[in-house]
Amino acid sequence: MIEIESVHKSFGKLEVLKGINLTVNKGEVVSIIGGSGSGKSTLLTCINGLEPINSGKIKIDGTEVHAKSTDLNKLRQKIGIVFQQWNAFPHLTVLENVMLAPRKVLGMAKSDAEAIAVKNLTHVGLAEKLSVYPNRMSGGQQQRMAIARALAMSPKYMLFDEVTSALDPMLVGEVLDTLKMLAEEGMTMICVTHEMAFARDVSDRVAFFHQGVMAEIGTPEQLFGAPQNPETQKFLASIR
Amino acid sequence: MFDTSLSWGDIVFLAQGAGMTLAVTAVSVIAGTILGIFCGVIRVQLGPYWSIPLTFVLDIFRSVPLLIQLVLANAFQSIAKLGWPPFTTSCVVLSLYTAAYCTEIVRGGIDAVPLTTRRAGRSLGLSWWQDMRFIVAPLATRVSLPSWIGLTLGVMKDSALVLWLGLIELLRASQILVTRLQEPLFILLICGAIYFLISFPIARLGGYLEKRWSPND
């Protein structure tokens, strides 16, 4: 369970998160939508401790992320994150990209790590690309590799930060299909996304962020069908 | 045409000079690179503001002519009664000189690794050290290699200045022969050829590594 309690976060004088409260239960898929600068992506980087927070609490299975005593390297093994920029390690082959963390962080034997990497790469449809270097692949393939790389750590939670925003429109589908597949398998996911159809089809709940505040949250039917908050209405009208 | 009084013994003498050049260069480049990597990482970790004192010290080594550094260091070790032989003094000065340049090369290499790539590594649970070792180091090395090869070749040629401390390296050995045999052009030609023979493999090694790594980038 991910518990976010009145989290405030500022970059200098700019307050980007103004008291966010959100609980994500096991097996739940929550999508976060909203305009640029609404704090959606920042929330994700705070959840796995890549960014410090100014006040409030984020707990993963009861462990407070920003407590001094928390071993972040260990906690992060539970939480996979995939970014807008797929961030392949360009000096490693696809297989090595996925094997790196299981080997070095979990201390797995080479053969075990390789088996896990092959399994996850096959899962995202990259079984034929194992010995290829990332720069030889399309953006969509690199993004799927990044998903496999995160999955290889057997995370309990997956965070997706606008994973399709930097892709050519024709490549968006293959990555969204991968996310749908994960959702159907019961992975607990928080997806920051601009793909409204995806948010509507896959999510259990959809949250709308506006200027650092979670303006509205509800089931896809509620939020897309009958939004209550005027800002949500404005946002949804603007993208239709 | 080649009517020279250069003897076999003289060639051996030149080769010994070349050996000294190689020794000074090897020690200085190895020590300077290790120190430079260390300072470069510190420089990046501290950020530009907190590393001002370090940068200032390194800037001194980069801006004062090497010859002056050598003479001052030699005078200093003698006043401080350190009893360093000229070889040690030369290596210490050249190492610091190399480290000063190497620090900037290392810093540039580390800065060239996108922060987002490093974040991706850390988000997988890699520690700071693992991120440095398995992601930053290989990528930064690729970026820094050409500058580092240039630095190494530069230090090798600059090492000729240690002749002022009395070390008989390649250039000094040539000078001695020129004075004795009065055949400056011929001897300097040989001296230049030896410098080239030492430099060429280093330059080629750099070219080879760049080529080997390039299809992956």
Side-chain angles (χ1 to χ4, degrees), chain A residues 41 44-45 47-51 71-94 96-107 131-136 142-143 145-155 157-161 163 166, chain B residues 33 37 40-41 44-50 102 105-149 205-217:
Chain A
S41 300
L44 290 196
T45 45
I47 290 176
N48 83 342
L50 284 170
E51 288 286 352
D71 181 353
L72 273 179
N73 294 332
K74 196 150 192 183
L75 187 70
R76 284 181 188 139
Q77 294 167 24
K78 275 193 194 176
I79 320 161
I81 184 165
V82 182
F83 300 94
Q84 180 177 351
Q85 291 298 336
W86 34 88
N87 300 321
F89 305 139
H91 59 300
L92 301 176
T93 63
V94 169
E96 288 164 345
N97 257 273
V98 180
M99 282 170 65
L100 181 70
R103 285 203 67 191
K104 303 303 174 189
V105 179
L106 302 180
S131 57
V132 172
Y133 282 94
N135 71 328
R136 294 273 186 261
Q142 292 197 44
Q143 192 58 294
M145 183 202 78
I147 295 172
R149 191 169 68 184
L151 288 176
M153 296 296 285
S154 319
Y157 307 99
M158 284 291 289
L159 313 175
F160 294 98
D161 184 6
V163 287
Chain B
T33 302
I37 291 172
V41 171
V44 173
Q45 286 305 116
L46 291 184
Y49 183 73
W50 291 105
C102 194
I105 294 176
V106 169
R107 185 188 61 80
I110 295 175
D111 282 349
V113 180
L115 203 58
T116 50
T117 307
R118 299 187 60 180
R119 280 199 149 189
R122 295 304 300 274
S123 73
L124 290 168
L126 293 179
S127 64
W128 178 85
W129 170 248
Q130 288 172 324
D131 171 54
M132 274 294 183
R133 164 80 185 75
F134 299 111
I135 295 168
V136 178
L139 294 175
T141 305
R142 283 157 170 71
V143 175
S144 308
L145 185 78
S147 317
W148 184 83
I149 294 282
L205 175 72
Y208 165 77
L209 287 176
E210 266 182 73
K211 208 169 184 174
R212 214 184 95 172
W213 289 336
S214 63
N216 314 340
D217 299 329

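Numbers restart at 1 for each chain; the letters A, B, ... are given by sequence-line order, proteins then strands.
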**Study point:** Lys/Arg N to Asp/Glu carboxylate O, B:R118 vs B:D131, below 4.0 Å
**Key:** yes
Point to revise | Region of A:T93 that comes under 4.5 Å of a non-hydrogen atom in chain B | key: neither
Check your understanding: If we only count heavy atoms from C-beta on, is the A:L50 to B:S123 side-chain gap below 4.5 Å?
Key -> yes
Point to revise | Pairs of heavy atoms under 4.5 Å with chain B: top-ranked of A:V82, A:L159, A:L100 | key: A:L100
Revision key, fill the gap. So, the part of A:I79 with a heavy atom under 4.5 Å from chain B: the answer is backbone
Review point. Centre of A:F89's six-membered ring, under 6.0 Å away, within 45 degrees of the axis: is that where NZ or CZ of A:R149 sits?
Key: yes
Check your understanding: Using non-hydrogen atoms only, which part of A:A152 is less than 4.5 Å away from chain B: side chain, backbone, both, or neither?
Key -> neither
Exercise for review: Could you pull out the closest heavy-atom pair between B:G40 and B:V106, with the gap in Å?
Suggested key: CA-CG1, 3.9 Å
